[in-house]
Each structure stands twice: as C-alpha cells, then as structure tokens.
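Worksheet for the structure shown next.
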Amino acid sequence: MTRTGRKGHHRSKKKRIALMLAPVVAAAVAVPLMNQAGAATPSEVSKDCAEDSAKLDNCEFVDVQVKRNSLGANKRVSTVTDNCGSTTAATKDFSVSASVTRSITLEDGFTAAADSKLGNSFFEIGAKFNTTEFSIKRDDTGTGFDFSRTDTVKADHLGFFMWSEKRTDVSGFLKATYKEEQNGQKVFFSPSEGGTSVHVFYPQLLKNGTPDGRLWLRNVKCGTPEASGIQNSSNSIRTEPGFEEGGTNVSDVEIPLSEIPAP
C-alpha cells in the first residue's frame with residue numbers, strides 16, 4: 001500500500017512540473033515568431049522608413065529606372081471667366097497660380113521628413129539627375145509661379161488656364177537596415193529588391209527657377225457637357241483633359257514659358 005501511494009505521489013509531481021514548464025516553453029517560442037513578424041513585410045518596412053523608426057540603422061531609396069520630361073496631372077490653375085451668351089470675344093484679366101514639389105507614390109499619406117534617413121536619401125538621389133539644361137526640385141518644399149495676365153476669351157465660351165508640370169520620374173525600391181536582427185537578418189526591402197513600384201517625382205526647374213512644363217489658355221464652348229461639368233464644379237481646381245485632348249468643344253493655346261515671370 002505504501003509503495004502504491006508513493007507511485008501516485010510521483011506521477012502527480014511530474015504532472016505539476018510539466019504544467020509549470022509549459023508556459024515557459026510557449027514564451028520561448030513566441031519570441032522568434034514576434035521577431036519574424038517585426039519587420040519582414042514590405043508594409044512594415046515602409047512604415048518604419050516613413051517614421052524614421054529608432055529600430056533602423058538606415059533607410060534608403062535605391063533607384064532602378066529614370067524617365068525625364070514625364071508630364072504631371074493636367075490642372076486648372078486660374079479661376080474660370082464666363083463669357084457665355086456673348087456674341088463677341090472679351091478681353092479678360094486672369095490670376096494664374098501653380099506650385100510644384102517633390103512627390104512620392106508608395107502608399108496613401110506616405111511622407112518622409114527632409115531630416116530623416118529616407119528624406120536625405122531622396123535628396124541625394126535627386127542630385128544625380130540634375131542636368132545642364134534644367135535643375136530638379138530635390139527637397140519637399142514647394143516652388144511655383146503666381147502672376148496676372150490679360151487674354152482673350154472667345155464669344156460664348158468659358159476661359160481659364162491649364163498647367164502640366166514636367167518631372168523626372170525615378171522609380172526603385174526602399175532598402176531598410178535594422179539595428180537588431182529580425183528572423184536572422186537585418187536588411188529588408190519594400191516592395192522587393194530590384195522593384196520599380198516606388199516612384200519619386202522630381203519637378204524640373206528652368207535655370208531661372210521657374211517650373212518647367214506646359215501652360216495653356218483653354219476655351220470651352222458654353223452649353224456643352226464640358227462647360228456644364230466645369231460650371232457644376234463651382235470653379236474648384238480639378239484635373240482636366242490634357243493639351244489639345246478636350247475634344248471639338250474645347251480649344252487650347254499654349255503660352256510660352258518665357259512669358260511666365262521668374263519666382
């Protein structure tokens with residue numbers, strides 16, 4: 001009877017020891033799993049780079065391809081002058097204003113402060129693509145033009161100015177180096193090594209500092225769907241068709257860049 005009681009006692013002790021060890025083993029397993037998830041995904045890399053995370057030793061933009069003279073969006077850059085119902089052309093005063101800045105396409109709301117590791121990388125990469133013909137806007141501050149001029153609006157037309165900036169489109173990927181190993185490595189990429197889906201657009205500037213691009217006066221025939229769309233937008237700034245792409249109810253006249261005053 002005594003031996004039987006001892007055996008039962010030993011079995012009970014082993015169970016208690018096993019139960020006590022189980023959480024410790026689980027915790028030990030959880031650590032590498034957490035490290036593995038810490039920075040291995042492209043979205044985590046992008047987030048850490050954008051926030052200049054203290055976990056990083058460095059984050060840099062690696063350029064793979066470059067395309068100069070890439071045109072940006074077609075934007076209305078003046079108020080709309082209404083000459084609808086008139087049988088004669090009218091001379092009108094316009095206030096024209098546009099701004100350009102370096103931009104990044106990666107994720108909605110993605111930014112990188114100029115004094116961050118990644119912001120500094122964008123600046124340095126931009127230095128590679130300056131030319132003797134034009135400079136490029138390397139930092140994230142804006143520059144542009146703001147002036148007034150007089151032009152002719154056709155009879156029974158709406159008149160306004162359009163602008164499309166010229167940019168140097170540099171595409172590549174992000175390379176992040178972490179201070180501590182994550183799942184056995186320190187270097188991760190977003191979206192992937194050698195990828196070209198991260199675009200940095202550097203506005204091109206003429207030597208006098210004026211943004212390079214295309215500026216044109218647009219006349220839109222009143223009573224047409226094109227005119228109604230503009231009037232219904234309450235004259236707000238919006239994207240429009242490109243130069244000479246508006247159709248039969250729209251006419252465009254390009255303004256020489258020499259007529260845009262230097263900032």
Side-chain angles (χ1 to χ4, degrees), residues 61 63-81 94-112 114 119 121-149 151 159-172 196-220 226 229-230 233 235-246 250-263:
F61 173 63
D63 60 293
V64 178
Q65 296 177 350
V66 59
K67 179 183 177 183
R68 293 183 173 86
N69 298 324
S70 168
L71 286 172
N74 305 298
K75 299 177 182 178
R76 191 192 310 159
V77 292
S78 77
T79 55
V80 177
T81 295
F94 291 89
S95 293
V96 184
S97 180
S99 180
V100 298
T101 188
R102 186 189 68 199
S103 62
I104 306 160
T105 60
L106 178 62
E107 295 175 356
D108 291 340
F110 182 87
T111 57
S121 176
F122 287 143
F123 187 88
E124 291 176 349
I125 290 293
K128 293 172 57 176
F129 301 106
N130 275 334
T131 70
T132 56
E133 293 80 22
F134 57 80
S135 301
I136 63 172
K137 188 68 176 169
R138 288 181 285 164
D139 59 28
D140 57 1
T141 58
T143 190
F145 51 78
D146 190 345
F147 64 96
S148 297
R149 62 176 286 140
D151 272 285
F160 52 91
F161 279 89
M162 293 287 300
W163 165 256
S164 179
E165 68 186 81
K166 278 187 180 180
R167 312 175 297 183
T168 295
D169 174 5
V170 183
S171 57
T196 57
S197 61
V198 177
H199 289 260
V200 185
F201 295 101
Y202 297 91
Q204 296 174 190
L205 306 178
L206 301 177
K207 285 305 179 182
N208 64 1
T210 302
D212 193 4
R214 172 176 276 160
L215 179 70
W216 68 96
L217 175 64
R218 170 160 287 175
N219 276 267
V220 180
E226 293 85 354
I230 294 165
S233 69
N235 289 341
S236 63
I237 303 299
R238 65 174 196 167
T239 300
E240 303 279 355
F243 181 72
E244 295 185 338
E245 295 177 351
V250 177
S251 60
D252 295 327
V253 177
E254 187 166 5
I255 307 301
L257 294 181
S258 59
E259 296 184 16
I260 300 176

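On a predicted model such as this, the values are computed, not experimentally measured, just so you know. If you read the sequence from its start, that first residue is 1, and numbering goes on from there.
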_From F134 atom CZ to L205 atom CG, the distance as rounded to the nearest 0.5 Å_ = 9.5 Å
_Under-4.0 Å salt bridge between E240 and K75_ = no
*asked:* Does F160 form a side-chain contact (heavy atoms from CB on, under 4.5 Å) with V220? I'd like the steps, not just the answer.
replied: CA-CA 9 Å; F160 52 91; V220 180; 3.8 Å; yes
*Kindly compute the distance separating OG1 (T81) from CG (D151), expressed to the nearest 0.5 Å.*
10.0 Å
*asked:* ring-ring contact (aromatic ring centres under 6.0 Å, His included), that's the test. Do Y202 and F129 meet it? Break it down for me.
replied: CA-CA 9 Å; Y202 297 91; F129 301 106; 7.1 Å; no
*Could you tell me which non-hydrogen atom of A98 sits nearest to which non-hydrogen atom of V77, and how far apart they are?*
CB-CG1, 3.9 Å
*Is there a side-chain contact between I104 and F61 (heavy atoms, below 4.5 Å)?*
no
*Does some side-chain heavy atom of D212 sit less than 4.5 Å from a side-chain heavy atom of L257?*
yes
*CD1 of I260 to CG of D146: how many Å apart, nearest 0.5 Å?*
12.0 Å
_D139 versus R102, closest heavy-atom pair with distance_ = O-CB, 3.2 Å
*Which pair of non-hydrogen atoms, one from R167 and one from L71, has the smallest distance, and what is that distance?*
NH2-O, 3.6 Å
*For the atom pair CG (N208) and CG (L206), what is the distance rounded to the nearest 0.5 Å?*
5.5 Å
_To the closest 0.5 Å, what do you measure between CZ (F161) and OG (S95)?_
10.5 Å
*Determine the minimum heavy-atom distance between S164 and G72, stating which atoms define it.*
OG-O, 3.0 Å
_Closer than 4.0 angstrom, basic N to acidic O: yes or no for R149 and E259?_
yes
*Just say parallel, tilted or perpendicular for the rings of F147 and F145, cut-offs at 30° and 60°.*
tilted
*salt_bridge(K128, D63) N-O dist < 4.0 Å*: yes
*Considering all heavy atoms of both residues, which atom of I136 and which atom of N130 are nearest to each other, and what is their separation?*
N-OD1, 2.9 Å
*Only one of K67, H199, R68, Q65 forms a side-chain hydrogen bond (donor to acceptor under 3.5 Å, both in side chains) with D169, so which one is it?*
H199
*Is the count of non-hydrogen atoms from other residues, nucleotides or ligands lying under 6.0 Å from K207 atom NZ greater than 12?*
yes
*Is there a donor-acceptor contact under 3.5 Å from the side chain of S99 to the main chain of G144?*
no
*Using the side-chain contact (heavy atoms from CB on, under 4.5 Å) rule, take F122 and D140 through it: C-alpha gap first, then chi angles, then the decisive distance, then the call.*
CA-CA 10 Å; F122 287 143; D140 57 1; over 6 Å; no
_CA sep, side-chain torsions, deciding dist, call: K137, T143, side-chain contact (heavy atoms from CB on, under 4.5 Å)_ = CA-CA 8 Å; K137 188 68 176 169; T143 190; 4.1 Å; yes
_Considering all heavy atoms, the nearest P241-E245 contact_ = CB-O, 3.8 Å
*Below 4.5 Å, heavy atoms only, C-beta onward: do V100 and W163 meet side chain to side chain?*
yes
*State whether a side-chain donor-acceptor pair under 3.5 Å links T168 with Q204.*
yes
_Derivation and outcome, side-chain contact (heavy atoms from CB on, under 4.5 Å), residues V250 and R218_ = CA-CA 7 Å; V250 177; R218 170 160 287 175; 3.3 Å; yes
*What distance separates R138 CZ from E124 CD, expressed to the nearest 0.5 Å?*
10.0 Å
